[in-house]
*Asks:* 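My questions will all concern the structure given below.
As a basis for the values below, the full set of heavy atoms in this structure was taken, side chains included, without hydrogen atoms, waters or symmetry mates. Counting starts at 1 for both ligands and their atoms, in listed order. The structure presented is a predicted model; accordingly, all values stated were derived computationally and were not measured. Numbering of residues begins at 1 and proceeds along the displayed sequence.
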Amino acid sequence: MDLELISIALCPFVQSSEVVLRLKDIAYRLTIIDITNPPPWFEDVSPLGRVPILRIDDQHIVFESAVINEYLNDIASDSLLPEEPLQRARHRAMIAYGAAVLADLSGAVTATDESEFDDAAYDLDEKFDYLEDKKSDAVFFDGPEPGLVDACFAPLFARLDILKPARQLLDPGDHPKLDAWSSAVLRLGAVKQAIDSEFTALYRKSTKQRDGWLGRQL
Ligand SMILES: N[C@@H](CCC(=O)N[C@@H](CS)C(=O)NCC(=O)O)C(=O)O
């Protein structure tokens, strides 16, 4: 099976799919496009004009990262989701929550002044309170091995880590379970491969170039 993941640089949703591909040891090709000047074929493969897109054997298309990740989970052994329906639903809900946390982080990064930044950081902190409350004592989100939820949170944790010199948005004192979870996720080989030092440099540079309040502190 030929799997092509269509991406843009710095997309956290693409990175979550790459983490799943690496956790499941599935071979794939990465095609990076310029979303501001997409190739003519992009319109045909991306109904929402967004990445990630998974192209299978050059003929089938799957879009939306959560759907792509479940598909990848389904085609290889050792499921990254629990079996029990309510637990599965809980994990899927947490994946949707992770996307909302990423949106808050984006608000913090794009805030132009300190007061706008503080509002975004407050929203983020409230999300962290919820996660701290829901997090089990397990190493990963819900057990000793990483799952789909961990893959979806990896891009968030990586960004928070890169932004630390500017602001420690995830305070280990307030959110110890979340902090330990983030460290465990960032130590994973699959995460280090999918979110590498090249990304760190690029994300740092793009945050500084945005000239938002946070970028100016980096
Ligand atoms: N819900 C979507 C979100 C994907 C998304 O927002 N992708 C961004 C890049 S990170 C994108 O393609 N943006 C292009 C645009 O909005 O023009 C998913 O999980 O796949």
*Asks:* To which protein heavy atom is atom 9 (C) of ligand 1 closest, and what is the distance rounded to 0.1 Å?
*Replies:* Cys11 SG, 3.5 Å

*Asks:* Starting from atom 20 (O) of ligand 1, find the nearest protein heavy-atom neighbour and note its residue, name and distance.
*Replies:* Ser65 N, 2.9 Å

*Asks:* Using a strict cut-off of 4.0 Å, indicate which atoms of ligand 1 neighbour a heavy atom of Pro52.
*Replies:* 20 (O)

*Asks:* Considering only the protein, which heavy-atom contact is closest to atom 13 (N) of ligand 1, and what is its distance?
*Replies:* Arg50 CG, 4.1 Å

*Asks:* Which ligand 1 atoms does Glu64 reach within 4.0 Å, using its non-hydrogen atoms?
*Replies:* 1 (N), 2 (C), 18 (C), 19 (O), 20 (O)

*Asks:* Is the terminal nitrogen or CZ of Arg50 (NZ for Lys, CZ for Arg) located under 6.0 angstrom from the six-membered ring centre of Phe63 and within 45° of that ring's axis?
*Replies:* no

*Asks:* Where on Ile8 is there a heavy atom closer than 4.0 Å to ligand 1, on the side chain, on the backbone, on both, or on neither?
*Replies:* side chain

*Asks:* What protein heavy atom sits nearest atom 7 (N) of ligand 1, and how far away is it?
*Replies:* Val51 O, 2.9 Å

*Asks:* Just need the protein heavy atom nearest to atom 15 (C) of ligand 1, so name the residue and atom and give the distance.
*Replies:* Gly49 O, 4.1 Å

*Asks:* Heavy-atom distance under 4.5 Å between the side chains of Glu4 and Ile53, does that happen here?
*Replies:* no

*Asks:* Would you find a donor on one side and an acceptor on the other, under 3.5 Å apart, between the side chain of Lys135 and the backbone of Tyr130?
*Replies:* no

*Asks:* Applying the ring pair (Phe, Tyr, Trp, His ring centres under 6.0 Å) test to Phe153, which of Tyr97, Trp181, Phe141 qualifies?
*Replies:* Trp181

*Asks:* For a side chain to side chain contact (heavy atoms under 4.5 Å, CB included) with Lys24, tell me which candidate from Leu72, Asn73, Asn69 qualifies.
*Replies:* Asn73

*Asks:* Under 3.5 Å, is there a donor-acceptor pair between the side chain of Ser46 and the main chain of Phe42?
*Replies:* no

